[in-house]
Amino acid sequence: MDQRETVFIVDDDESIREGVSNLLEAVGINAKCYATAEGFSAHWSNAMAGCLLLDARLPGIGGVELQDRLRESSIKIPVIFMTAHGDIPMVRKVMKAGAVEFLTKPFHKEELLNAIEQAFASDRARRMEEAVLDSIRLRACSLTERERQVMELVATGLTNKEIAQRLFLSLVTIKLHRGQVMRKMQAESLADLVRISERMNPTRASG
Amino acid sequence: MHPRTGFTPSQRLNRLEYANSIKALLGLDVDGADLLPADDMSHWNPTNSVYDATMTAATEIGSSNWLMEYAARPCIIAGFFVLVAFLWTIPLQHVIAYPFVFLFFGAIMGSAWFGGIIAGFVAVALSSVIVTYFFVPPLYSMHVAKESQSFFAAFILSSIAITVVSSSRKRAENASRIARDQLEAKVQERTAELQRSNLEIKESERQLRTLTEAIPQQIWRTDPQGCIEYCNHHLCDYLGLRTEELKGEAFFNVVHADDKPLFRQGWQAALRSGDRFEIEARVRARDGGYRWFLVRSIPQRWEDGRIARWYGIHIDIQQQHRAQQNLVQAQDDLAHMQRSLSMAEMAASIAHELNQPLTALVTHAYACREWLQAKPANLEKASATAEKIIHESTRASVVVRRVRALFQKEEQERELTSMNHLIQELARLLRDEAIRKDVSIRLLLANDLPQLEMDQVQIQQVILNLAMNGMDAMMRVAKPRELVIRTERRGVGEILVAVEDHGPGIAPETAARMFEPFFSTKPQGTGMGLAICRGIIEAHDGKIWAENSVRGGATLQFTLRLQS
């Protein structure tokens with residue numbers, strides 16, 4: 001990873017921000033503090049690595065609302081909520097919306113660190129996935145129109161012969177195209193190619 | 001109408017036709033006017049044949065000529081008829097068999113009919129003389145032959161009978177005619193009277209309407225059921241609606257949504273009880289804005305006490321209201337903060353205030369340990385963190401001290417208080433909440449309660465909390481929901497206050513723990529409300545407990561004692 005993972009703390013209470021960032025510093029985790037949701041949203045991007053530690057009740061835009069806004073902006077950073085008095089409907093809502101954990105103040109060190117660990121792991125997986133998708137997309141760019149067609153048909157499970165018939169081409173031409181596709185997409189086997197094709201186009205693969 | 005002859009003008013005209021037909025029959029040059037009573041002649045106008053009845057009535061009063069009435073007139077009428085009969089009989093006796101006297105019967109009948117019984121008898125006498133002399137043998141003498149005596153006697157008897165019958169028939173007819181005319185006159189009189197009073201009513205209504213339109217206030221009127229009948233133009237102008245557009249539900253729709261439930265309740269209660277209705281409410285203007293009005297309505301009753309209609313007036317109190325509002329606002333805010341903030345909310349906010357420094361404290365403590373356990377230990381950081389820990393601890397203790405101060409300060413403010421007064425004041429505060437939750441609050445207050453020394457705000461908070469709990473407990477039960485707040489005297493110096501609801505009651509396992517701190521059956525409850533209530537009551541040397549009432553629901557009650 002080219003970026004250090006950071007816990008973004010958003011809480012209106014300065015002493016909480018100080019306490020949590022002090023603890024995280026002591027255990028060697030990078031932390032960055034914001035007093036309001038607005039302050040945080042001025043800096044967000046999908047390139048952020050780490051997680052968000054968010055107070056549920058904030059002046060102005062509330063924590064729950066901020067989570068909604070993140071989702072609407074397709075920013076997929078994991079969120080850990082914390083609150084002094086959470087009610088059940090609120091917990092249910094934010095957990096359903098994909099929050100990693102809901103911490104009730106005051107919380108134990110282990111609770112916090114476990115949640116952060118979990119959030120970092122899922123964020124790492126997310127970024128890894130995104131990196132893979134990026135490289136696949138990059139490789140797919142080098143395919144010609146015909147090669148892309150052939151790859152899609154191969155991925156749907158047709159034989160070379162069937163593909164030749166469908167595209168009104170000779171079997172030899174198809175074999176040549178297929179070899180090019182395998183090389184360009186850096187696929188080691190047919191199964192690998194099918195997997196890459198599915199990742200590129202998840203909706204079509206599932207449908 | 002002629003009072004004596006009993007002829008109405010129209011009847012007189014009929015008589016004219018009758019007279020003309022007789023004239024034709026007799027072949028005589030007789031003017032129709034001859035057939036009228038002599039004293040009517042003065043008002044007879046032959047040129048236009050109109051009879052002036054009113055003039056008759058005027059001259060009639062002075063006429064009292066007795067002789068004319070009972071001698072001359074009958075004689076003239078009788079003479080006329082007998083003369084006619086005689087003149088016709090002379091030629092006819094040579095044609096028709098002897099002795100021909102029947103025309104005289106006709107003359108007698110006519111005389112009796114038109115002239116009355118006196119004229120009838122005069123005609124009988126005249127006829128007898130003429131018949132004896134001219135037509136009964138021996139002719140042209142007053143002697144009656146022996147063989148004609150029976151005939152002559154029969155003639156005279158028949159004549160008398162005809163006279164009596166004819167005149168009495170005439171009298172009867174006149175009597176009935178008079179009765180009918182009197183009735184008609186009476187009807188006319190009454191009709192005129194009615195028309196006059198109708199006019200008067202219309203006039204006074206017009207004046208009233210002018211008045212209501214002239215008054216610079218909004219006025220309306222409804223029927224006894226409260227259905228709008230009339231609005232003056234000030235009201236219509238203000239609302240931008242016509243009277244018809246205010247019927248039914250629309251009557252309430254012009255009232256601001258927040259005032260509507262109270263307005264409706266009050267108005268319907270007034271309609272039921274017949275008491276005057278008065279409320280302050282916001283009413284929507286045609287431009288959609290609202291102004292405050294004092295709406296006042298009084299019933300107008302029939303003599304038997306039933307309500308005839310309701311009159312309403314809208315007095316614009318926007319200015320006063322705004323001034324009053326500003327004045328009350330600050331006071332109100334304070335009272336709201338102090339009183340209507342429920343114990344639970346207060347406890348929650350205290351918990352939140354304490355939780356913040358505690359969280360910081362705990363995380364700093366963890367961090368401190370981490371700095372010390374690091375290899376090598378970062379003493380500088382650990383020391384700075386310890387500073388933070390001290391700082392946060394102080395902050396937490398400030399919160400605690402503030403909470404204590406809140407209660408301590410009020411403990412010193414005990415004064416002699418009427419519990420009933422306190423509860424009545426509280427019921428007003430609870431009104432909005434009760435309306436929102438669709439609960440009616442009934443106060444059953446004993447009137448022999450001693451005044452006790454208490455902290456008014458705290459005791460009000462206790463009752464408020466119990467009442468809120470009671471209303472919450474009834475949220476899931478069917479209507480009507482009623483909350484009863486009851487006071488009762490117990491012994492010499494003790495009073496009991498009970499808050500009863502019709503909710504599901506208290507489960508046995510709950511009853512034992514409900515006054516403990518942090519015990520709550522509500523998903524969002526903090527479990528502090530009843531615990532604080534118990535704290536307050538016990539600080540007042542009282543007791544608080546809960547039981548299920550026999551008819552379902554829970555009763556939460558406390559006692560307070562006179563402090564010696």
Side-chain angles (χ1 to χ4, degrees), chain A residues 7-33 35-36 53-59 62-64 80-93 101-117, chain B residues 342-399 517-518 520-529:
Chain A
V7 178
F8 299 91
I9 304 166
V10 184
D11 196 306
D12 57 321
D13 192 321
E14 194 195 345
S15 64
I16 302 270
R17 294 198 300 270
E18 271 183 10
V20 175
S21 60
N22 189 12
L23 174 59
L24 294 181
E25 194 191 342
V27 296
I29 298 174
N30 196 22
K32 219 167 179 178
C33 296
T36 59
L53 184 61
L54 184 57
D55 188 24
R57 289 188 191 185
L58 290 169
V64 180
I80 302 167
F81 272 94
M82 52 181 179
T83 181
H85 42 91
D87 51 79
I88 290 163
M90 190 206 269
V91 174
R92 194 178 295 151
K93 182 175 185 295
E101 186 58 272
F102 198 104
L103 301 174
T104 307
K105 290 178 190 171
F107 35 76
H108 286 283
K109 184 187 85 176
E110 283 74 27
E111 281 181 288
L112 178 66
L113 295 183
N114 286 345
I116 289 172
E117 192 51 52
Chain B
S342 77
M343 280 290 148
E345 282 169 14
M346 204 156 98
S349 82
I350 292 170
H352 185 260
E353 273 204 71
L354 268 177
N355 254 331
Q356 294 294 98
L358 282 179
T359 307
L361 205 57
V362 170
T363 48
H364 278 306
Y366 281 127
C368 191
R369 197 173 64 186
E370 291 296 325
W371 292 126
L372 291 172
Q373 284 176 350
K375 303 242 168 10
N378 191 334
L379 291 180
E380 198 186 325
K381 284 276 184 189
S383 161
T385 307
E387 278 300 321
K388 294 274 181 200
I389 292 174
I390 294 165
H391 176 76
E392 291 304 325
S393 310
T394 317
R395 185 180 155 205
S397 67
V398 165
V399 175
F518 309 113
S520 179
T521 55
K522 297 181 205 165
Q524 296 181 38
T526 57
M528 288 308 292

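Lettering of chains follows the sequences in order, A, B, ..., and the numbering in each one begins at 1. Given the structure is predicted, the values throughout are model-derived calculations rather than measurements.
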*Does any non-hydrogen side-chain atom of B:E370 lie less than 4.5 Å from one of A:L23?*
yes
*Is the shortest heavy-atom distance from the side chain of B:Y366 to the side chain of A:V27 under 4.5 Å?*
no
Within this structure, what is the [atom1]-[atom2] distance for the pair [X] and [Y], rounded to the nearest 0.5 Å?
| X | Y | atom1 | atom2 | result |
| --- | --- | --- | --- | --- |
| A:E18 | B:T385 | CD | OG1 | 10.0 Å |
| B:T363 | A:L24 | OG1 | CG | 9.0 Å |
| B:N355 | A:M82 | CG | CE | 12.5 Å |

_So which residue, B:R369, B:K381, B:H391, ends up with the most heavy-atom pairs under 4.5 Å with chain A?_
B:K381
_Max heavy-atom pair count under 4.5 Å with chain A, selected residue of B:A382, B:A367, B:C368, B:A365_ = B:A367
*Over all heavy atoms of both residues, which pair between A:S15 and B:A360 is shortest? Give the atoms and the distance, please.*
O-CB, 3.5 Å
Tell me whether [X] at atom [atom1] has more than 12 heavy atoms from other residues, nucleotides or ligands lying less than 6.0 Å away.
| X | atom1 | value |
| --- | --- | --- |
| A:E110 | CD | yes |
| B:K388 | NZ | no |
| A:K109 | NZ | yes |

*Using non-hydrogen atoms only, which part of B:Q356 is less than 4.5 Å away from chain A: side chain, backbone, both, or neither?*
both
